[in-house]
Protein chains: 2
Amino acid sequence: MSRSLPGRAKAPSDEEVLRTLEGFAKRIAAQILKGRPPVMEIPVRTLANTIWDEKRKILVLGPRKARREFFDIGESKRFMQTLLMLSIIVRARREGDYPTIRDLYYTGKHTIYYVDEKGRRRSEETWNDQRESNSVIQDIEVATGLLREHMGIMHDAKGKIVGNVVVRSKGYEIDLSRMGSGAYAIPPNVDKLEIVKVDADYVLVIEKDAIFERLNEEEFWRKHNCILITGKGQPDRSTRRMVRRLWEEFDLPVYVLTDADSYGFYIYSVYRSGSISLSYESERLATPEARFLGVTVTDIDEYKIPRNYIIKATDRDIKRAQELMRYPWFRESKEWMRQLKLFVKRKEKVEIEALSGHGFKFLTQHYIPEKIKYRKWIV
Amino acid sequence: MSRSLPGRAKAPSDEEVLRTLEGFAKRIAAQILKGRPPVMEIPVRTLANTIWDEKRKILVLGPRKARREFFDIGESKRFMQTLLMLSIIVRARREGDYPTIRDLYYTGKHTIYYVDEKGRRRSEETWNDQRESNSVIQDIEVATGLLREHMGIMHDAKGKIVGNVVVRSKGYEIDLSRMGSGAYAIPPNVDKLEIVKVDADYVLVIEKDAIFERLNEEEFWRKHNCILITGKGQPDRSTRRMVRRLWEEFDLPVYVLTDADSYGFYIYSVYRSGSISLSYESERLATPEARFLGVTVTDIDEYKIPRNYIIKATDRDIKRAQELMRYPWFRESKEWMRQLKLFVKRKEKVEIEALSGHGFKFLTQHYIPEKIKYRKWIV
């Protein structure tokens, strides 16, 4: 299935990025030069326009587009914000700069003074906080089909990876099996990496960094011929993109290991299906065949987790689990619904580390390899 | 100065670590075998026993030690907790396991049932939360002089590094100038790294990951022959240890770049002088010659930061700044006291990214190199 996915995205070159951004601006300039009221069309990024694509098993943006008109008083500010941000990004691309989203916020932030229709002197900030400027960046992403990473925009990057993988970046071949006790910190723009060679049977995505460190120190990835990745909790775009590419380009099974709680289940859900706020990127970020390795609610009995290792779920945990039970990709899975119902009923959560009750080697010598061998994952 | 520091710590070998831990336990066993009431001596890790070492310019643990007696009812639980943790760590070392601090918590967690002096059946948990088990790990650290990293204990590792540095880890030589758009994720136990070669004029420590990513993408470190490190906000032990080692072993000047606010100033303070909670590790973690590059409060005027880039400091920011003004290492610096007083007076804070108001290249082509060239840092 993975080979035929239409979402297989090739990263655009720097020239293509600049051309696309300039083209977007030129279409608006052309309207103005022709004396027409300038309008731009932006796909709508609301929950109502987010669709569960049952066939592709990912969240995607629906077909709705909004017309943003300069001469509509309710939209002119947003119109101007969009052009302001676009001009800053184009300038950065032309000059080879790599601003952060915070840099973009500051660079565009200024006060506009004007006289209103009643002759009063007034002023307005271009934007008041970074949510506004970030939202405009997202508008430009959906309008142009470019990710902000393609536009050279920098942001925090949380992910780490080790294993029998060779990548090429800026001309260097980097062998991710030769990082020693350290790891390769995944760069913000994963699409600029070339994945040159992969020799691994599967990808193991680990929620928690400390467990990633432990498995790396013990060279789990070498003994089990796999690739280890952590996104340190809720993963960022770069980590998700890396997982997606390993699955898509190398057909590797992807297993996700999190705590047995609604937070962990949601992390799996984001890796697999995408998130509502970034549904326009699911095609590039989601891994619709990702498998949940554990820890499951039924593992509590199956692996005889001692009673005093069990943590009482909070009301928030339960509420979150009930939300998950309404997501279509959980609803269509009998096994997931069984797990979630049990979670809500038992109100018990368990961390990965609770498996250490059976000895430090239990996780790496029994739990993970046996779950994979006996196909005891959940989808 | 750096060369003569007594704190120059060589990492103990795995055998030395095991021998030290076993020795600690054997001394207690010997007391028991001789029929004496078992006692252990643990240096006291309280604020009252934390001393500002004016000569070495670091926070250190004072001379006070506590006697922990098994037959003292107020101390017997803590005594047992310490031995329990010690036995788990020794077992992990003997078997080559690398448990996380959370693993240690779970492994030691169990219920002890007993009959009290009035014949009632009672029970007690070995520990109730991870604070208790972590605290015992710290006791073992100060009692044995070993860091938990030396004991093979894993934890989250936040740091990243790039530059003309070659390290050796697990037999691999890793060239940190060949990481492309990514970076080398600093491992938990930095002392197991050998720093083979350094060709750089200075170390630039950056508070914010996104700015680290940007400077890395622009190859600032190559153009300015420096090493870039980020600890992503408040640095962890591993990042601090890495900075310390580059300063100590290679005599490199260390510059710290943070936002101009009390949070940023405190981050600098931790890199330079250590923290109260980890004062027993300052000798290995602090870099007493670290220099604060910026952003300073006076930079607001000097670099003509636009008024609408300035953020109003909260009461908490001001309170924090007033606390900093009581720290001896700030008190003894005229320039720092001037900056902090000004901060409290103006109640204004500024982020590094505010410098983008002068163009995206301003930070890298003017601000950082000129601050270094004209020695405009603060200590």
Side-chain angles (χ1 to χ4, degrees), chain A residues 92 95-107 109-111 125 152 154-158 160 167-174 178-189 192-193 208-211 213-214 216-219 232 306 308-309 351 353-357 359-361, chain B residues 92 95-107 109-111 125 152 154-158 160 167-174 178-189 192-193 208-211 213-214 216-219 232 306 308-309 351 353-357 359-361:
Chain A
E95 303 193 357
D97 293 327
Y98 294 90
T100 68
I101 46 178
R102 192 88 185 138
D103 286 323
L104 294 173
Y105 160 76
Y106 276 113
T107 303
K109 183 169 173 58
H110 61 269
T111 313
E125 292 293 292
M154 292 288 123
H155 50 84
D156 286 14
K158 298 199 297 175
K160 294 183 190 177
V167 296
R168 190 180 288 122
S169 177
K170 292 192 170 181
Y172 296 112
E173 286 217 344
I174 306 153
R178 301 176 62 90
M179 294 287 130
S181 296
Y184 187 60
I186 298 173
N189 184 5
K192 268 208 172 171
L193 282 187
K208 288 172 159 169
D209 184 32
I211 295 176
E213 301 297 343
R214 172 180 147 195
N216 186 30
E217 190 62 28
E218 295 176 4
E219 300 196 316
K232 296 185 172 201
N308 54 357
Y309 286 19
E351 292 186 292
E353 294 92 335
L355 295 163
S356 299
F360 295 131
K361 289 182 170 57
Chain B
E95 302 192 358
D97 293 326
Y98 294 89
T100 67
I101 47 178
R102 192 90 184 136
D103 287 322
L104 294 173
Y105 160 75
Y106 276 114
T107 303
K109 184 171 171 57
H110 61 268
T111 313
E125 293 292 292
M154 291 288 123
H155 50 83
D156 287 14
K158 297 200 298 175
K160 293 182 188 178
V167 296
R168 190 178 289 123
S169 177
K170 290 191 171 184
Y172 296 112
E173 286 218 344
I174 306 153
R178 301 175 61 90
M179 294 286 129
S181 294
Y184 187 60
I186 298 172
N189 184 5
K192 267 209 172 171
L193 283 186
K208 288 173 158 169
D209 184 34
I211 296 176
E213 301 297 342
R214 173 180 148 196
N216 186 30
E217 190 62 30
E218 296 175 4
E219 300 197 319
K232 296 188 171 198
N308 55 357
Y309 286 19
E351 292 186 293
E353 294 92 334
L355 295 163
S356 298
F360 294 130
K361 289 182 170 57

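Numbers restart at 1 for each chain; the letters A, B, ... are given by sequence-line order, proteins then strands.
Contact check for A:Glu217 versus B:Asn189: no side-chain heavy atoms found under the 4.5 Å cut-off. A 4.5 Å side-chain heavy-atom check between A:Leu104 and B:Phe360 finds at least one atom pair inside the cut-off.
Your options are B:Ile211, B:Asp209, B:Asn216, and the one with the most heavy-atom pairs under 4.5 Å with chain A is B:Asp209. Interface summary for chain B: among A:Glu213, A:Met179, A:Glu353, A:Lys192, the most heavy-atom pairs under 4.5 angstrom belong to A:Glu353. Note on B:Asp156, B:Val167, B:Ile101, B:Leu193: by heavy-atom pairs under 4.5 Å with chain A, the leading option is B:Asp156. Of all the listed residues (B:Glu173, B:Lys208, B:Glu219), the one sharing the greatest number of non-hydrogen pairs under 4.5 Å with chain A is B:Glu219. Per-residue counts of heavy-atom pairs under 4.5 Å with chain B were compared for A:Gly171, A:Gly359, A:Gly357, A:Pro188; the largest is that of A:Pro188. Of the listed residues (A:Tyr172, A:Tyr106, A:Tyr184), the greatest number of heavy-atom pairs within a distance under 4.5 Å of chain B belongs to A:Tyr106. In terms of heavy-atom pairs under 4.5 Å with chain A, the best-connected choice from B:Ile186, B:Leu355, B:Thr111 is B:Thr111.
A pairwise comparison of heavy atoms in B:Thr100 and A:Ala210 identifies CG2-O, 3.4 Å as the closest pair. The minimum heavy-atom distance between A:Lys160 and B:Ala157, with the atom names listed, is NZ-O, 2.7 Å. When every heavy atom of A:Gly180 is checked against every heavy atom of B:Ile174, the shortest pair comes out as N-CD1, 4.0 Å.
The salt bridge (Lys or Arg N to Asp or Glu O under 4.0 Å) test applied to A:Asp97 returns B:Lys361, not counting sequence neighbours. By the ring pair (Phe, Tyr, Trp, His ring centres under 6.0 Å) test, B:Tyr98 is found to be paired with no residue, residues two or more places apart in sequence or in another chain being considered.
Taking CZ of A:Arg102 as the reference point, atom CZ of B:Arg214 lies at 13.5 Å (rounded to 0.5 Å).
Using a distance-only test at 3.5 Å, with no hydrogens or angles considered, no donor-acceptor pair links the side chain of B:Lys170 to the main chain of A:Gly182. Counting only distance, with no hydrogens or angles, the side chain of B:Ser169 and the backbone of A:Ser181 share a donor-acceptor pair below 3.5 Å.
Using a 4.5 Å cut-off between heavy atoms, A:Pro306 does not touch chain B at all. Looking at A:Lys109, both its backbone and its side chain come within 4.5 Å of chain B, counting heavy atoms on both sides. For chain B, the nearby parts of A:Glu95 are the backbone and the side chain; heavy atoms of each come within less than 4.5 Å.
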